[in-house]
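To start, the structure under review is shown below, and the notes come after it.
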Amino acid sequence: MKAKKVTKAVFPVAGLGTRFLPATKSIPKEIMTLVDRPLIQYAIDEARAAGIKEFIFVTSRGKSALEDYFDYSPEIEASLRRSGKTDLLEVLKDTNMDSGAIAYVRQNRPLGLGHAVWCAKRLVGDEPFAVLLPDDVIAAEKPCLQQMVEAYAETGGNMVAAMEVAPEKAKSYGILDIENDMGSIVEAKGMVEKPAAGTEPSNLAVIGRYILSPDVMTNLSRAKHGAGGEIQLTDAIAEEIGKSKVYGFRFRGQRYDCGSKAGFLQATVAFGLSRPDLRDEFGAYLHDVIAMQKAAQ
Ligand code: UTP
């Protein structure tokens, strides 16, 4: 099967980010930095690697720092050029988006992830599209969305990134009900958002990467408020089961939940240790901290 190429991606960034208050009172969560790059940069780089050409941001009030981040910064660039700091100029290049490649659409009220995605309906049009949640940061040799785009080229339908979670964690995720397990790809016969403890149909949880058909947008147009009173993306995807295919994709990589404080700290350690310029000093520091903790016990 040859699926249509995925060239558009939606980045829902309109949430309130209450778990990071008071920081998120004035800083969008997506601008918070892992080492020296904001969360959103990791998501953009991943989308670019997967062949995405159009980037659609669903934003809300108080997110203007995000829009500025992707603009050119003539003063900084001129200063770096004058002082011959070409390496930093290169670093800045990754943050610039071509004119017209990036679009912003507003979600007036935080009615949930499903509603945020629906806000991009007109810009997405009648094409398959990717959705990336920037607070899920995935460290992988081959970027997660690229792995998915390659799998999707064979399967078509709808595809969600999936990973195994411990049973007690299932109530925090959308969980797949598995019809057919083919290894890295599973076919779903159902999806439940945040199942009550003990009712989860499997331990395969959906995380923040999706490739969806435009029919999901149509489902969202009719959507009712689901779990937690929000319009759930999971429900609109689950509606496709039986009409078209919904696949879970077991990606290869490590996902960090940077929407939570503990996840953000874990990612900071992991990304810090993976940086050649920081590895030795930071690694030695962590080593000392652990040794001191052990000695104090
Ligand atoms: P979260 O569930 O993490 O919500 O949203 P949140 O508001 O960002 O953070 P907390 O829970 O209050 O700390 C997951 C993703 O969906 C987006 C968020 O911006 C985030 O990328 N989202 C969520 C929206 O764009 N709109 C919404 O109404 C809800």
Side-chain angles (χ1 to χ4, degrees), residues 9-34 38-47 55-67 69-70 102-121 123-124 129-138 144-145 160-161 163 165 169-175 191-195 205-210 212 216-217 220-221 223-237 255-267:
V10 177
F11 301 82
V13 291
L16 297 175
T18 53
R19 282 172 287 172
F20 278 96
L21 280 171
T24 43
K25 198 176 153 203
S26 66
I27 307 166
K29 177 171 65 175
E30 302 74 18
I31 286 293
M32 294 192 335
T33 47
L34 263 186
L39 292 185
I40 192 68
Q41 181 74 54
Y42 292 92
I44 290 283
D45 289 349
E46 188 181 326
F55 303 80
I56 304 164
F57 282 75
V58 182
T59 66
S60 57
R61 260 180 308 135
K63 301 275 181 171
S64 47
L66 258 176
E67 301 188 20
Y69 178 76
F70 289 112
I102 195 160
Y104 298 95
V105 64
R106 217 57 177 197
Q107 185 190 29
N108 287 340
R109 280 187 298 153
L111 296 177
L113 174 59
H115 181 259
V117 171
W118 173 83
C119 290
K121 186 173 191 299
L123 294 172
V124 163
F129 60 102
V131 176
L132 294 94
L133 306 191
D135 33 3
D136 274 341
V137 176
I138 302 168
C144 178
L145 190 66
V160 299
M163 66 174 206
V165 294
K169 295 269 165 76
K171 60 178 187 301
S172 308
Y173 293 88
I175 300 288
M191 274 171 93
V192 198
E193 183 62 31
K194 301 189 172 68
V206 176
I207 61 123
R209 300 289 184 274
Y210 310 78
L212 302 174
V216 173
M217 285 292 196
L220 283 170
S221 304
K224 299 199 175 53
H225 298 259
E230 297 191 332
I231 293 179
Q232 299 291 348
L233 183 59
T234 310
D235 294 344
I237 301 171
R255 171 255 191 184
Y256 296 94
D257 175 13
C258 291
S260 79
K261 282 176 237 185
F264 202 102
L265 290 172
Q266 286 159 19

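Atoms within each ligand, like the ligands themselves, are counted from 1 in listed order.
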**Pro12-ligand 1 polar pair, N/O distance under 3.5 Å** = yes
**Prompt:** Among Gly112, Pro110, Gly259, which residue places a heavy atom closest to atom 29 (C) of ligand 1?
**Reply:** Gly112
**Message:** Among Thr234, Ile207, Val206, exactly one meets side chain to side chain contact (heavy atoms under 4.5 Å, CB included) together with Tyr173. Which residue is that?
**Reply:** Ile207
**Message:** Would Ala14 count as being in polar contact with ligand 1, using the rule that some N or O on each side must be under 3.5 angstrom apart?
**Reply:** yes
**Request:** May I ask you to decide if Gly17's main-chain N or O and Thr24's side chain share a donor-acceptor pair within less than 3.5 Å?
**Result:** yes
**Separation of Tyr256 OH from Leu34 CG (nearest 0.5 Å)** = 9.5 Å
**Complete:** closest protein heavy atom to atom 4 (O) of ligand 1 is Lys29 NZ, 4.3 Å
**Message:** What I want to know is whether Thr18 and ligand 1 share at least one N or O pair that is separated by under 3.5 angstrom.
**Reply:** yes
**Asked** Does any N or O in the side chain of Glu30 come within less than 3.5 Å of the main-chain N or O of Ile40, such that one atom is a donor and the other an acceptor?
**Response** no
**Complete:** When distances are taken from atom 7 (O) of ligand 1, the protein heavy atom at minimum range is Leu16 N, 2.8 Å
**Message:** Quick one: does any side-chain atom of Lys63 pair with a main-chain N or O of Val13 as donor and acceptor, under 3.5 Å?
**Reply:** yes
**Request:** Name the option, out of Glu30, Arg19, Arg109, Lys261, that contains the heavy atom nearest to atom 3 (O) of ligand 1.
**Result:** Arg19
**Item:** Sub-4.0 Å atoms of ligand 1 with respect to non-hydrogen atoms of Leu111
**Value:** 28 (O)
**Prompt:** So, the side chain of Lys169 versus the backbone of Ala205: is there a donor-acceptor pair under 3.5 Å, distance only?
**Reply:** no
**Message:** Quick check against the 3.5 Å criterion: does Arg209 have a side-chain atom that pairs as donor or acceptor with the backbone of Asp136?
**Reply:** yes
**Message:** Does the residue His115 have a heavy-atom contact with ligand 1, meaning some pair of atoms that are separated by less than 4.0 Å?
**Reply:** no
**Fill in**
The reported gap from CD1 in Ile44 to CG in Leu39 (rounded to nearest 0.5 angstrom) is 12.0 Å
**ligand 1 to Gly17 polar contact by distance, N or O atoms, under 3.5 Å** = yes
**Item:** Phe57 ring center near Phe70 ring center (under 6.0 Å)
**Value:** yes
**Message:** Please state which option from Val131, Asp136, Asp135, Leu113 has its nearest heavy atom closest to atom 16 (O) of ligand 1.
**Reply:** Leu113
**Request:** Give yes if a backbone or side-chain nitrogen or oxygen of Phe20 is under 3.5 Å from a nitrogen or oxygen of ligand 1, and no if not.
**Result:** no
**Message:** Quick check against the 3.5 Å criterion: does Ser260 have a side-chain atom that pairs as donor or acceptor with the backbone of Gly263?
**Reply:** yes
**Asked** Got the closest protein heavy atom to atom 19 (O) of ligand 1, with its distance?
**Response** Gly15 N, 2.9 Å
**Prompt:** Short list, please: which atoms of ligand 1 are under 4.0 Å from a heavy atom of Ala116?
**Reply:** 24 (C), 25 (O), 26 (N)
**Prompt:** For atom 26 (N) of ligand 1, what is the nearest protein heavy atom, given as residue, atom name and distance?
**Reply:** Gln107 OE1, 2.7 Å
